[in-house]
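Keep in mind that the numbers below use all heavy atoms, side chains included, and drop hydrogens, waters and symmetry copies. Numbers for residues simply follow the sequence, beginning at 1.
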Amino acid sequence: IAYITLYATAPVGISYASIQGTNYYATQFSISPQQLMQGINQVVINFGNISLTPGMQYTIIIGLSNGTAVYATVVAQ
């Protein structure tokens, strides 16, 4: 599970999330909330049962409903 803080300049939906360099993928149904509101949003992404190296940095690609993507750098726990 990834916990990410995102800032949105306007409301937009989240379509998917993936971890760059892996096959790990989460559909919009595994992401809460599925709709970002304008301002600061706390997003939870459930990738299911995955194996990452603790302490390593990973980049999560978050696909938005407007066709763009945002990137979040996280550290595995």
Side-chain angles (χ1 to χ4, degrees):
I1 295 178
Y3 301 94
I4 299 172
T5 301
L6 292 176
Y7 179 81
T9 56
V12 66
I14 300 177
S15 303
Y16 69 89
S18 63
I19 301 176
Q20 193 172 48
T22 73
N23 292 324
Y24 301 138
Y25 184 88
T27 67
Q28 65 186 28
F29 304 108
S30 298
I31 302 170
S32 179
Q34 294 174 13
Q35 180 80 17
L36 298 176
M37 307 313 284
Q38 184 174 358
I40 297 172
N41 297 265
Q42 302 296 328
V43 179
V44 179
I45 305 169
N46 187 349
F47 287 101
N49 188 16
I50 63 174
S51 179
L52 299 174
T53 304
M56 288 285 297
Q57 280 191 352
Y58 294 90
T59 299
I60 297 178
I61 303 166
I62 302 161
L64 304 177
S65 60
N66 63 6
T68 65
V70 293
Y71 296 80
T73 301
V74 297
V75 176
Q77 299 287 313

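- Cluster membership for M56 and V74, using ILVMFWY side-chain heavy atoms within less than 4.5 angstrom, is shared.
- Distance check, rounded to the nearest 0.5 Å: CD1 of I45 to CD1 of I62 gives 4.5 Å.
- Using a 4.5 Å cut-off on side-chain heavy atoms (C-beta onward), V44 and I4 make no contact.
- Between F29 and Q34, the closest heavy-atom pair is CA-NE2, 3.6 Å.
- The shortest distance between side-chain heavy atoms of Q35 and P11 falls below 4.5 Å.
- A distance-only check finds a donor-acceptor pair linking the side chain of Y24 to the backbone of S51 [under 3.5 Å].
- For the pair P54 and Q77, the tightest heavy-atom approach, listed with the atom from each and the gap, is CB-C, 4.1 Å.
- Panel note: side chain N41, backbone V43; no donor-acceptor pair is recorded below 3.5 Å.
- Under the 4.5 Å side-chain criterion, counting only non-hydrogen atoms from C-beta, F47 is in contact with I60.
- None of L64, T27, I61 except one satisfies the side-chain contact (heavy atoms from CB on, under 4.5 Å) rule with Y16; the exception is I61.
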side-chain contact (heavy atoms from CB on, under 4.5 Å) assessment of L52 paired with I19: CA-CA 10 Å; L52 299 174; I19 301 176; 4.1 Å; yes

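- Scanning all heavy atoms of the two residues, the minimum distance from Q28 to I14 falls at CB-O, 3.4 Å.
- More than 12 non-hydrogen atoms from other residues, nucleotides or ligands lie less than 6.0 angstrom from CG of N66.
- In this structure, the side chain of Y58 engages the main chain of T53 through a donor-acceptor pair within 3.5 Å.
- One N or O on the side chain of S65 and one on the backbone of G13 form a donor-acceptor pair closer than 3.5 Å.
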